[in-house]
Colleague: 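This structure is in structure tokens; I'll ask about it shortly.
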2 protein chains.
Amino acid sequence: MSERAWNNNINCQNCSISQLCLPYTLDNLSLDKLDDIIERKRPYRKGEQLFQAGQPLKALYAVRSGSFKSFTVSNDGDAQITAFHLPGDLIGFDSIHSPTYTSFAESLETSMVCEIPFQSLEKLSDQLPLLRRQVMRLMSSEISADKQMLSLLNNKNAEQRLATFLLDFSERFKSRGLSSKEFRLSMTRAEVGNFLGLTVETVSRLLSKLHKSGVIQVDGKFILLQQIDALQQLAGVQLRSCLTP
Amino acid sequence: MSERAWNNNINCQNCSISQLCLPYTLDNLSLDKLDDIIERKRPYRKGEQLFQAGQPLKALYAVRSGSFKSFTVSNDGDAQITAFHLPGDLIGFDSIHSPTYTSFAESLETSMVCEIPFQSLEKLSDQLPLLRRQVMRLMSSEISADKQMLSLLNNKNAEQRLATFLLDFSERFKSRGLSSKEFRLSMTRAEVGNFLGLTVETVSRLLSKLHKSGVIQVDGKFILLQQIDALQQLAGVQLRSCLTP
DNA sequence: CGTCGAGTTGAAACTCATCAAAGTTCGTGG
DNA sequence: CCACGAACTTTGATGAGTTTCAACTCGACG
């Protein structure tokens with residue numbers, strides 16, 4: 001199938017998730033220019049990699065559909081998942097300080113991406129202050145999210161971590177116009193555990209426990225949040241009013 | 001004392017740590033422009049805050065001397081230190097996606113900073129591609145460092161975390177032209193523990209253990225790394241050659 | 001001189017990892 | 001389309017590592 005076929009009717013101007021992505025706040029002229037530098041590739045099958053650590057930094061990627069994981073591999077060989085990416089998310093910000101990628105990105109299911117050649121993006125950013133600011137906003141958001149993650153790992157126990165994880169995905173699906181109560185987790189239990197600093201067994205046990213207690217319903221990769229408020233309690237969320245006397 | 005007094009002979013052009021900071025790669029003209037927007041304030045005393053979460057985002061800060069901690073406060077009220085900042089480090093990247101600061105920054109000892117008004121920096125970045133790229137490089141480095149931190153917390157035990165922490169500071173002091181073997185940690189044991197996801201007691205016990213084993217010498221806040229290679233072993237560092245056959 | 005915060009050390013408790021084993025789903029080739 | 005093997009998931013028993021609780025020391029400071 002020709003490359004052209006994938007491009008039909010796909011552009012930033014009509015993209016349903018552009019408000020989460022680079023186009024946000026761009027005027028029409030800027031949008032056209034951005035659209036011009038973006039390459040839309042064939043779908044990636046589950047397990048295919050966008051890039052590997054050490055390869056020359058060629059492009060950033062925006063998820064169009066499906067999902068990806070980013071991960072690093074430490075000197076001693078074990079992998080650490082550093083993020084899960086949903087449509088609208090940008091992949092590669094952790095590498096742009098380096099001539100080569102500093103992490104791996106791999107598809108978790110059949111997925112499509114927009115490839116944004118890094119050189120072109122830099123040049124275009126020189127011309128379009130709005131684009132530049134959106135890039136910085138997105139990078140700053142990623143830093144913020146990472147700090148939150150540090151706090152999660154340092155201060156919360158296994159159950160709180162998993163509850164927070166589920167609520168995070170709930171929010172992210174919601175902001176993409178999908179159900180916040182019912183969704184499919186494209187990653188394995190092992191990947192959830194790796195991300196949260198827990199073992200597969202602990203993740204599995206806790207999902208079973210939450211299921212039995214009626215807070216959520218679990219059917220393989222499908223999750224149904226039945227009592228979101230209870231889940232928020234478990235996640236360690238407390239009302240501000242409890243603290244300010 | 002007049003504000004002017006602090007400014008004497010302090011500028012980006014002659015700053016000893018400019019290669020770690022924003023000026024890196026800037027030409028002389030750009031450097032002058034950057035220097036123009038920077039405000040240099042009186043020293044901050046230990047415990048004074050640069051900003052608090054919720055305050056309007058006014059400026060980024062570059063550490064000139066001394067040290068700071070950044071921290072967030074979760075809904076349930078406990079603080080999480082997200083970074084320690086040494087001279088040359090920039091503070092505030094986690095907030096520029098927001099109209100207000102998303103974290104706190106507090107001096108750990110008598111310290112000086114360069115205040116970089118955010119509006120001015122944005123305007124100047126529009127004119128100076130080199131500056132813009134350095135900002136992005138620094139933000140990307142911070143993302144990278146945060147990902148490494150995730151990996152540390154998820155995969156390493158208490159001893160490996162502390163060893164890694166000490167080696168990290170060793171490297172950072174070294175790149176600032178200071179001794180990599182002998183330095184003073186300006187934060188308390190509790191702050192080290194908070195950052196590493198450990199309790200004060202664990203940090204104290206491990207420092208004692210490392211001291212007794214002769215790997216390091218501890219005298220209050222002063223640390224002397226006696227066997228850096230042994231410390232690297234404890235940190236879990238292995239040679240690449242062990243993995244690539 | 002007494003108090004207060006920081007640091008150290010010990011003993012007990014608890015959470016989660018580890019090891020083991022069985023059950024289930026997925027994907028691929030016949 | 002089905003069957004087979006591999007990958008993934010679940011559940012149980014045990015133990016290691018870290019937290020928690022408690023007591024004590026030390027130095028700073030009014």
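Proteins get letters first, then strands, A, B, ... in listed order; numbering begins at 1 in each. Everything quoted here is computed from the prediction, not taken from an experiment.
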Colleague: If you compare every side-chain N and O of A/Arg189 against the phosphate oxygens of D/dT10 (OP1, OP2), does one of them come in below 4.0 Å?
Modeller: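 For D/dT10, OP1/OP2 do have a side-chain N/O of A/Arg189 under 4.0 Å.
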Colleague: For the pair made of CG in A/Asp78 and P in C/dA17, what is the distance, rounded to whole Å?
Modeller: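 Going from CG in A/Asp78 over to P in C/dA17 covers 14 Å.
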Colleague: Centroid-to-centroid, B/Phe51 to B/Phe104, below 6.0 Å?
Modeller: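 Ring centroids of B/Phe51 and B/Phe104 are no less than 6.0 Å from each other.
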Colleague: Let's see if you can work this out: which of C/dA17, D/dT20, D/dC8 has an atom nearest to the side-chain heavy atoms of A/Thr202?
Modeller: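 Closest nucleotide to the A/Thr202 side chain: C/dA17.
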Colleague: Base, sugar-phosphate or nothing for A/Thr199? Non-hydrogen atoms, less than 4.0 Å.
Modeller: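 A/Thr199: base contact, heavy atoms under 4.0 Å.
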Colleague: Suppose we call a contact any N or O donor and acceptor under 3.5 Å apart; does that hold for the side chain of A/Arg161 and the base of C/dT15?
Modeller: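 Check fails, no donor-acceptor contact within cut-off.
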Colleague: With sugar-phosphate meaning primed atoms plus P, OP1 and OP2, does B/Leu198 contact a base, only sugar-phosphate, or nothing at under 4.0 Å between heavy atoms?
Modeller: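 Here B/Leu198 touches the backbone only, sparing every base.
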Colleague: Would you mind classifying the nucleic acid contact of A/Gly197 as base, sugar-phosphate or nothing, using non-hydrogen atoms under 4.0 angstrom?
Modeller: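 Sugar-phosphate contact only.
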Colleague: If you round to the nearest 0.5 Å, how far is OG of B/Ser111 from CZ of B/Arg45?
Modeller: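 Between B/Arg45 CZ and B/Ser111 OG, I get 12.0 Å after rounding to 0.5 Å.
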Colleague: Looking only at side-chain N and O atoms, does B/Ser204 come under 4.0 Å of OP1 or OP2 in C/dT9?
Modeller: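 No, outside the criterion.
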Colleague: Could you tell me whether B/Arg161 sits above the aromatic face of B/Phe165, with NZ or CZ closer than 6.0 angstrom to the six-membered ring centre and within 45 degrees of the axis?
Modeller: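 No, a cation-pi geometry is absent between B/Arg161 and B/Phe165.
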Colleague: Under 4.0 Å, heavy atoms only, any strand: does A/Lys46 hit a base, just the sugar-phosphate, or nothing?
Modeller: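 Here A/Lys46 touches the backbone only, sparing every base.
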Colleague: Return the 5'-most residue of the pair A/Asp219, A/Ala158 with respect to DNA chain C, ranking by each residue's nearest nucleotide.
Modeller: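 Result of the comparison: A/Ala158.
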Colleague: Whole angstroms only, please: what is the CG-P distance between A/Leu207 and D/dT9?
Modeller: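 Rounded to the whole Å, the gap is 10 Å.
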Colleague: Regarding C/dC19, can its base be found pairing with the side chain of A/Glu201 as donor and acceptor, where the two atoms are less than 3.5 Å apart?
Modeller: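 In this structure, the two groups form a donor-acceptor pair.
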Colleague: Output the rounded distance in Å from CE (B/Met187) to P (C/dA6).
Modeller: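 Between P of C/dA6 and CE of B/Met187: 14 Å.
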Colleague: Taking only side-chain N and O atoms of B/Lys221, does any of them lie within less than 4.0 angstrom of OP1 or OP2 on C/dG7?
Modeller: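 Yes, such a contact exists.
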Colleague: Taking N and O atoms by type only, does the side chain of A/Glu191 place a donor or acceptor under 3.5 Å from a partner on the base of D/dC8?
Modeller: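 For A/Glu191, whose side chain was compared with the base of D/dC8, there is no donor-acceptor pair (under 3.5 Å).
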Colleague: Ring of B/Phe173, cation from B/Arg176 - is the NZ or CZ under 6.0 Å from the centre and inside 45° of the axis?
Modeller: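 Negative - B/Arg176 is either too far from the ring of B/Phe173 or too far off its axis.
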Colleague: Write down the distance between NZ (B/Lys156) and P (C/dA17), rounded to a whole number of angstrom.
Modeller: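 So the two atoms are 17 Å apart, to the nearest Å.
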Colleague: Check the distance between D/dT9's C1' and A/Phe222's CZ and give it to me in whole angstrom.
Modeller: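 Distance check: A/Phe222 CZ to D/dT9 C1' gives 16 Å.
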Colleague: What is the distance, rounded to the nearest whole Å, between atom CG of B/Leu185 and atom C1' of C/dG7?
Modeller: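 Rounded to the whole Å, the gap is 14 Å.
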Colleague: If I take atom NZ in residue B/Lys212 and atom P in nucleotide C/dT9, what distance separates them, rounded to the nearest angstrom?
Modeller: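 The answer, rounded to whole Å, is 5 Å.
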Colleague: Minimum heavy-atom separation for B/Phe93 to B/Leu138, with atom names?
Modeller: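 It is CE1-CB, 3.7 Å.
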Colleague: Within the pair B/Thr188 and C/dG5, is there a side-chain N or O less than 4.0 Å away from OP1 or OP2?
Modeller: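 Checking B/Thr188 against C/dG5: no side-chain N or O falls below 4.0 Å of OP1 or OP2.
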Colleague: Can you tell me whether the side chain of B/Arg205 and the base of C/dG7 have a donor-acceptor pair closer than 3.5 Å?
Modeller: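 It does not, because no donor-acceptor pair links the side chain of B/Arg205 to the base of C/dG7 below 3.5 Å.
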Colleague: Distance-only, no hydrogens or angles: does the B/Lys156 side chain make a donor-acceptor pair with backbone N or O of B/Ala235 under 3.5 Å?
Modeller: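 A pair under 3.5 Å: yes.
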Colleague: Rounded to the nearest angstrom, tell me the gap between atom CG in B/Asn194 and atom P in D/dT18.
Modeller: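 Answer to the nearest Å: 17 Å.
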